[in-house]
Amino acid sequence: MLFNSFEFLIFFPLVFVAYWLLNNNLKKQNILLLICSYVFYAWWDWRFLSLIIVSSLIDFTAGLQIFKAQTQRLRKRWLMVSLVANLGMLCMFKYYNFFAESFSDLMHAFGWQPNDLTLNIILPVGISFYTFQTLSYSIDIYRKEFKPTKDWVSFFTYIAFFPQLVAGPIERASNLLPQMEKRRAFKKEWFNAGVIQILVGLFRKIVIADTIGTYVDLVYGDVSLYNTTTIIIATFFYAFQIYYDFSGYSDIAIGTAKLLGFKFYQNFNIPYFSKSLTEFWRKWHMSLSYWLRDYLYIALGGSRKRIRITYRNLMLTMLLGGLWHGSSWNFIIWGGIHGTVLSLEKYLKTTGIINKFKRFGFLGYPITFIIVLFSWVFFRAQDLQSAGLAIKKIFQLDLSMPYIGDLNVMASSVFVLTIGVLFDLYLFNKKIDLEDFGANFSGVKMAVIATVIITLINLFYSSSNNFIYFQF
Amino acid sequence: MNKEHLKYLVKITLLVIVVSFIVDKVVFLALNTISDNVYSGQSIGKLNQYLKVKDSVDFVVFGSSRANHNIDPRIISKKSFNMGMDGVKIAYSAVLIQLLPKDKQQTILLHIDSNYAFNESYDGEDVMALASKYNRNKDIKIGIDKLNKNNNLQKFYWSLGYNGKVLGILKNYLDPKNDYTERLGYEPIYVSEIQHNIFENIIHRNEVIDLDTFCGTHYNINATYSQTLSDIKAFCDANNKKLILFTSPKYQYPCKKANAEFKALLTAKGLTYYDFTDFFKDDNQLKYWKDKTHLSHLGAEKLSEAVKEIVLKAN
């Protein structure tokens, strides 16, 4: 079920009413959430529910066993059970074909023609997200940073909780599980903030991202046909398409959770207003970047060892972060670009070179944006060949008139993008988090702002595409 | 949740519903007022122009962009109109054809294509291009409802009918360019250098295509498409209309079998059909094309002359 579907418009109010009617019985409330979450997921494909259930079962057991184990060896063994099971399923469904194809290509280069090793596998929606969630639970218990729950309903609901099930945010057990286990209270402020965030999220997704995506799809459908300026415009649009698509999804997820009395962590914080790539990653898909930092970068040694080891750790983290997004070389290169620039920033900082250029700090904003823009080419292109061609075309510097496609679509794209960017600028200047934006609105102000957003959605929404991050 | 919270919830929900409902109606009426004065642009102008002239013309062209850009009705009749619209298919045309006057003798030239007819997933979605008139024109409402394509929310939020059209309407209201009276609805394509270069790149690539994948192997007319065609034929037969179906030229189109099957199916239905797919076979100059399915104004002129012959023959 998609957040921007008619089904969800019926589903959520029903869940909302039933949920708060059960407010005096936590157990029943959680059971309702669990059932609704499974229905939400099964709407897409009921067969893959079994994966979520198996994954939940393994980690529920592993968590208890790690906590209970008397020896370090036994604790490690149970952690390995969790890691192997979760990463095994992820690798099987998401990466098997990629590795099989890469292996075949490699063998082909040596003159050997292996049989077709690929399998006809469907990628279960959300597997990357809930796998990271279950892993963080087991690892936190192993690190003695978190105690396991004995309440399987709470745990299963934590893994399958529908607002964040298919595309995040990747909520840590330490944040969400305690909220599952205690009685939630309805708060007016949360309700206001949640409603406004859902509407803003919908606007970002179905108005901005889907409208500008039309032009992006046209150009990236066949980059060989277009000149430098066209590809640059399409890449610029893509930067905002993916931002508004994913931050819009996160807004709806966070807002929906808030209406049910749960507080998620912020996932995006106006990331294109960043002076460095390091800052960008503190504002972009924060639940993933902090996950990678805590469970990969730090596990590799972080910056506690020699500087070269730090560079290696940064690079490995970003390469694997790239691979997390999808099983293709494009994502690995995308991660590599980010890893390289993050290492460079680390170098400039540790050597003090950056301090000599402090008065030019404002240049950090455009430089960071251009680097991010460049890396998006690899993220968006259909394959490595298309990405290479797009980069080649950009550097050909054919600055003749761009191809703008349908004038109406282009005008709408520019118009809605301007609204989106102006709103972001407003939040940035006023230092307001969208998460709290509507919290203290009066009833009339709520109605007026909701009406403005609803009217804009009615007049400018674009027939929906899937959320981009569903494929990850 | 206590009583106070419940009261608050009900209050806010009602407030949002009422305020957004009222604002929606205000926006809808404002857009109606503006759009009723717009006679240029495809957002609404062309439809308004068609509704204005449909009772007086004797020849009307319907179909997609390939009708819109490829047929100049002035070459065929002085009292004519080209109601081709970019991005639409047969369902859109069917609703508009059925708005024509019942007793007036008129010739209808309808562009169709085997690609759409054999497409299993076609469901008449294009009829939603008429959504701006959904709450204003009874016949259009019936046409949209018949295909079950109405947006359920549009019954509450009427301005949804103007979705995606507002900027176009405002632009054409403030700065009207072509009001369709001079060219009678026809929108010629004057190919720009960029468009020419893109097309040249495409045809010089000599892509190898798998015919079975590209053309398909099952030639069954889609049920919605077939029913819509039958509805159009029934309307024309009962209301003194001469119906001519045609397919406009395509650049080096390889699906001969699909086209032949399509022609046979239409003939069996008792429909008059002309296939112009290979019209430029003997004189295929690049200047006649914008892309593989759309002609330049030069190509359109040539095709219109040929279409004139068949229209004269039919009458």
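Here is the naming used below: chain letters follow the sequence lines, and residue numbers restart at 1 for every chain. The structure presented is a predicted model; accordingly, all values stated were derived computationally and were not measured.
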*Asks:* Got more than 12 heavy atoms from elsewhere within 6.0 Å of OH, B:Tyr190?
*Replies:* yes
*Asks:* Under 30°, 30 to 60°, or over 60°: which ring-plane class applies to B:Tyr251 and B:Phe199, parallel, tilted or perpendicular?
*Replies:* perpendicular
*Asks:* Who among A:Val448, A:Asn192, A:Ile449, A:Ile457 has the most heavy-atom pairs with chain B under 4.5 Å?
*Replies:* A:Asn192
*Asks:* When the aromatic ring centroids of B:Phe62 and B:Tyr50 are compared, is their separation below 6.0 Å?
*Replies:* yes
*Asks:* For a side chain to side chain contact (heavy atoms under 4.5 Å, CB included) with A:Ile453, tell me which candidate from A:Asn458, A:Ile198, A:Val200, A:Val195 qualifies.
*Replies:* A:Val200
*Asks:* Which answer fits B:Gln154, side chain, backbone, both or neither, if we ask what part of it has an atom under 4.5 Å from a heavy atom of chain A?
*Replies:* neither
*Asks:* Cation-pi check, A:Lys187 to A:Phe191: give yes when NZ or CZ is under 6.0 Å from the six-membered ring centre and within 45° of the ring axis, no otherwise.
*Replies:* no
*Asks:* Side chain from CB out, backbone as N, CA, C, O: work out which of these in A:Ser412 comes under 4.5 Å of a heavy atom of chain B, or both, or neither.
*Replies:* both
*Asks:* Where on B:Ile202 is there a heavy atom nearer than 4.5 Å to chain A: the side chain, the backbone, both, or neither?
*Replies:* both
*Asks:* To the nearest 0.5 angstrom, please state how far the CG atom of B:Asn172 sits from the CD1 atom of B:Ile34.
*Replies:* 12.0 Å
*Asks:* Which region of A:Leu459, side chain (C-beta onward) or backbone (N, CA, C, O), has a non-hydrogen atom less than 4.5 Å from a non-hydrogen atom of chain B, or is it both or neither?
*Replies:* both
*Asks:* Given the options B:Leu15, B:Asn2, B:Asn201, B:Leu153, which has more heavy-atom pairs under 4.5 Å with chain A than any of the others?
*Replies:* B:Leu15
*Asks:* Can you say whether B:Leu31 sits under 4.5 Å from chain A via the side chain, the backbone, both, or neither, judging by heavy atoms?
*Replies:* side chain
*Asks:* Are more than 12 heavy atoms, taken from residues, nucleotides or ligands other than A:Asn440, located less than 6.0 Å from that residue's CG atom?
*Replies:* no
*Asks:* Could you tell me whether A:Lys188 sits above the aromatic face of B:Tyr8, with NZ or CZ closer than 6.0 angstrom to the six-membered ring centre and within 45 degrees of the axis?
*Replies:* yes
*Asks:* Identify which part of B:Glu4 has an atom lying under 4.5 Å from any heavy atom of chain A, answering side chain, backbone, both or neither.
*Replies:* side chain
*Asks:* For chain A, find which of B:Leu167, B:Ile194, B:Val19, B:Asn163 contributes the most heavy-atom pairs closer than 4.5 angstrom.
*Replies:* B:Asn163
*Asks:* Do A:Tyr403 and A:Tyr215 have ring centroids that are under 6.0 Å from one another?
*Replies:* no
*Asks:* Of the backbone (N, CA, C, O) and the side chain (C-beta and beyond), which part of A:Phe16 lies under 4.5 Å from a heavy atom of chain B, both, or neither?
*Replies:* side chain
*Asks:* For A:Ser224, is it the side chain, the backbone, both or neither that has a heavy atom under 4.5 Å from a heavy atom of chain B?
*Replies:* both
*Asks:* Is it true that A:Asp398 and A:Lys393 have a side-chain N and a carboxylate O under 4.0 angstrom from each other?
*Replies:* no
*Asks:* Let me confirm one number: the CZ-NZ distance from A:Arg184 to A:Lys263, rounded to the nearest 0.5 Å.
*Replies:* 16.0 Å
*Asks:* Sort by residue number and list every residue of residues 119-129 of chain B having at least one heavy atom under 4.5 Å from chain A.
*Replies:* none
*Asks:* Which one of B:Gly161, B:Gly168, B:Ser20 has the most heavy-atom pairs closer than 4.5 Å to chain A?
*Replies:* B:Ser20
*Asks:* Is the B:Tyr186-B:Tyr180 ring centre distance short of 6.0 angstrom?
*Replies:* no
*Asks:* Is B:Leu160 in contact with chain A via its backbone, its side chain, both, or neither, using a 4.5 Å heavy-atom distance?
*Replies:* both
*Asks:* Measuring from A:Ile233:CD1 to A:Thr228:OG1, what's the distance to the nearest 0.5 Å?
*Replies:* 11.0 Å
*Asks:* Are any of the side-chain nitrogens in B:Asp86 or B:Lys46 under 4.0 Å away from the carboxylate oxygens of its partner?
*Replies:* no
*Asks:* So for A:Asp222, is it side chain, backbone, both, or neither that comes closer than 4.5 Å to the heavy atoms of chain B?
*Replies:* side chain
*Asks:* Given a strict heavy-atom distance threshold of 4.5 Å, which part of B:Ile12 is in contact with chain A: side chain, backbone, both, or neither?
*Replies:* side chain
*Asks:* Is chain B contacted by the side chain of A:Ala185, its backbone, both, or neither, given a heavy-atom distance below 4.5 Å?
*Replies:* neither
*Asks:* Name the member of B:Leu9, B:Val18, B:Val166 that forms the most heavy-atom pairs with chain A at distances under 4.5 Å.
*Replies:* B:Leu9
